Amino acid sequence: MNVWIAVAVTAVGCYAVKLAGLLVPAGVLERPLVRRLAALLPVALLAALTAQQTFADGHALVLDARAAGLGAAGVALVLRAPFLLVVAAAVVVTAGARAVTG
């Protein structure tokens with residue numbers, strides 16, 4: 001039963017956040033600082049999610065094949081490779097590192 005309470009609370013919270021976003025006056029959204037933050041926020045959230053998924057295993061920090069794949073993707077991005085090549089490089093390096101380490 002506790003799971004359903006958590007689901008209900010989460011649903012109400014999501015609805016409240018969406019409602020709060022709709023109630024923000026248009027003048028606030030047109031401010032340059034708000035526009036800049038709105039443009040940068042998704043990038044920051046994606047970077048935080050990537051770091052958490054790459055370097056965390058439960059409550060411990062780890063350095064494994066995922067980090068090698070992320071490094072390969074970073075190198076491919078610096079070299080301005082197309083997106084599919086970036087993903088392919090990360091996959092190949094991660095798989096190779098897992099195969100080598102067992």
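Side chains are part of it too, since the values below use all heavy atoms of this structure and drop only hydrogens, waters and symmetry mates. A quick note: this is a predicted structure, and the numbers were derived from the prediction, not measured.
Taken from CG in D57 to CD in Q52, the straight-line distance is 10.0 Å, to the nearest 0.5 Å. One finds the CG atom of L61 at 11.5 Å from the OG1 atom of T54 (value rounded to the nearest 0.5 Å).
A heavy-atom distance below 4.5 Å is not found between the side chains of L49 and L45.
Both L63 and L70 belong to a single network of hydrophobic side chains, linked directly or stepwise wherever heavy atoms of I, L, V, M, F, W or Y lie under 4.5 Å apart. Note: the hydrophobic cluster containing V87 does not contain L46 (ILVMFWY, side chain heavy atoms under 4.5 Å, direct or indirect links).
Hydrophobic clustering, defined by side-chain heavy atoms of Ile, Leu, Val, Met, Phe, Trp and Tyr closer than 4.5 Å, groups V86 together with L77. Taking a 4.5 Å side-chain heavy-atom cut-off between Ile, Leu, Val, Met, Phe, Trp and Tyr, the cluster of V92 contains only that residue.
Screening residues 87-102 for salt bridge (Lys or Arg N to Asp or Glu O under 4.0 Å) gives no qualifying pairs among residues at least two apart or on separate chains.
A donor-acceptor pair under 3.5 Å links the side-chain atoms of R66 to the main chain of Q53, judged by distance alone.
Test V17, V12, T10 against C14 for side chain to side chain contact (heavy atoms under 4.5 Å, CB included) and you get one pass: T10.
Scanning all heavy atoms of the two residues, the minimum distance from A72 to V93 falls at CB-CG2, 3.5 Å. Heavy atoms only, all atoms of each residue included: A90 and A73 are closest at CB-CB, 4.0 Å. Scanning both residues, P42 and A38, for their nearest heavy atoms gives CD-O, 3.2 Å.
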